[in-house]
Amino acid sequence: MRHTIRSTRRLVVKVGSALVTNNGKGLDLKAIEGWARQIAQLRQDGREIVMVSSGAIAAGMQRLGWSERPSETQALQAAAAVGQMGLAQAYESAFSRHGLNTAQILLTHDDLADRLRYLNARSTLTTLLELGVVPIINENDTVVTDEIKFGDNDTLGALVANLIDADALIILTDQKGLYTADPRKDPNATLISEGHAEDPSYEAMAGGVGSGISRGGMITKIRAAQRAARSGTHTLIASGREIDPLLRLAAGEELGTLLFASSTPLASRKQWLVDHLQLPGTLTLDAGAVRALQEGASLLPIGVSRVEGEFGRGAIVACCDENGRELARGMISYPASEARRIIRHSSHEIEALLGYAEGPELIHRNNLVLL
Ligand code: GLU
C-alpha cells in the first residue's frame with residue numbers, strides 16, 4: 001500500500017505538542033524550520049499541504065513561566081492565547097524563508113457542526129491552497145469549553161482531512177508509530193508497519209492516553225484514522241524526530257505505521273453528518289426499525305420507542321437500538337417536542353396529531369448514515 005501514498009496530492013500534516021515545544025521546553029524552532037523546509041519541497045512537487053499544529057497551550061505555559069499544566073479552564077485558555085502568538089510567529093517566519101505564505105485558522109467544533117460554516121471553512125481552505133498558501137490550523141482553545149471541544153488535535157486533523165477531501169493524514173508524534181503493545185512496558189512489542197484503519201484489534205493495542213504535554217495518545221490517533229478512512233483518507237503515524245519524515249513518508253518509504261482506508265468513501269454530506277462529535281438527541285428504535293434501517297429504508301415514527309434530548313428540526317441525532325448501541329445517525333425532520341408526539345404512530349396520523357406533516361419519515365434515508 002505504501003506506493004499509493006506516493007501518488008497522494010492533498011495532505012494534512014498534524015504535529016503534536018511534544019514535538020512543537022520540545023517536550024514543553026519552549027517552541028522548537030529547529031523542528032518547525034524542518035517541517036517548513038519539507039513542506040516547501042512537497043509543494044514544489046505539486047502537493048497541497050494543510051498543517052494542523054498543537055502546542056499553543058504548551059508554548060503559552062512556557063512563556064508565562066508555568067512548569068505545571070493548570071487545571072482551570074481559564075488558565076488553559078489564557079495560556080493558549082499567549083502561545084498561539086508564538087506558534088503563528090514561528091511558522092510564519094519559517095515558511096517565509098522558503099517564499100511561502102502561511103494563514104492562521106482557528107476552528108471550534110461549532111464551526112464544523114454548522115453546515116454553512118463548514119462549507120465556508122472548506123471554500124476558504126481550498127482558496128488558500130489554490131493561492132499557494134500553507135494554512136496552519138489549531139483549535140480555538142481560548143473560546144471553547146469542555147462540552148464543545150474537539151478534545152484533541154488528532155480528531156481535529158481527521159475532521160480537517162475530511163473537510164478538504166485530503167488523500168492522506170500524516171500524524172507526527174514522539175513515538176515511532178503503532179505497536180502491538182505499549183513499547184514502554186512490553187519488550188516484545190513490535191511496530192505495525194501497515195494495516196486497515198478500521199481493524200478493531202488496534203484500539204486494544206493502543207493503550208492509555210498520552211504524556212503530560214499532549215492531549216491525545218495512540219488511541220486518539222487510531223480513532224482519527226478511522227474517521228479519516230470514512231472519506232477515503234489514509235493515515236500515517238510516524239515519529240517527528242526521524243530525519244525528514246514528511247519527505248520519506250510522501251515518497252512511500254516504510255516508516256511508522258500506515259493505516260489505510262479501504263472502504264468506499266461516504267458522500268461528503270454524509271461524511272459531515274457522521275463527523276458531528278456532540279449530538280443533541282437520541283432516538284431508541286425497536287427491532288423492526290433497526291432491521292429496516294439496515295436494509296436501507298428511512299426511519300418512520302412508528303418504529304421509534306423513545307426520544308431523548310431537546311433539539312429543533314434539522315438537528316443531527318443518534319439512532320440507537322434497545323441496548324443503547326448507536327447504529328445510525330441522521331438529520332431529523334421534526335423537533336423533539338413533536339417527535340415525542342408522533343412516535344409509535346403510523347405516518348398517516350402525523351397530520352392529525354400535529355396539524356401538519358413535514359413528510360412521512362422522521363429521518364429520510366438520504367439524511368441517514370449507518371455506522
Ligand atoms: N489545541 C491544543 C494546543 O494547541 C492542543 C490539543 C492537543 O494536544 O491535541 O495546545
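Note that ligands are numbered from 1 as they come in the structure, with each ligand's atoms numbered from 1 the same way. None of the values given here were measured: they were computed from a predicted structure.
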* Output, in order, the C-alpha distance, side-chain angles, deciding distance and verdict of side-chain hydrogen bond (donor to acceptor under 3.5 Å, both in side chains) for Gln38 and His98. => CA-CA 10 Å; Gln38 295 171 67; His98 300 275; over 6 Å; no

* Asked: ligand 1 versus Ser17, non-hydrogen atoms closer than 4.0 Å: side chain, backbone, both, neither?
  ->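 Looking at Ser17 and ligand 1, just side chain atoms fall under 4.0 Å.
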
* Asked: So with a 6.0 Å cut-off around CZ of Arg306, is the heavy-atom count from everything else above 12?
  -> no

Ligand 1 N/O within reach of [X] N/O, cut-off under 3.5 Å:
| X | result |
| --- | --- |
| Asn153 | yes |
| Asn138 | yes |
| Asp141 | yes |
| Gly55 | yes |

* Are side-chain N/O atoms of Glu92 and Thr102 paired as donor and acceptor at under 3.5 Å? -> yes

* Distance filter under 4.0 Å to Asp152 heavy atoms, resulting ligand 1 atoms -> 9 (O)

* For ligand 1, which atoms have a heavy atom of Ser54 less than 4.0 angstrom away? -> 4 (O), 5 (C), 7 (C), 8 (O), 9 (O)

* To do: To the nearest 0.5 Å, tell me how far Leu299 CG sits from Ile363 CD1.
  => 5.0 Å

* To do: Answer yes when Asp167 and Arg9 have at least one side-chain N-carboxylate O distance shorter than 4.0 Å, and no when they do not.
  => no

* Residue pairs, two or more places apart or on separate chains, that pass ring pair (Phe, Tyr, Trp, His ring centres under 6.0 Å) and touch residues 273-311 -> Trp272-His276

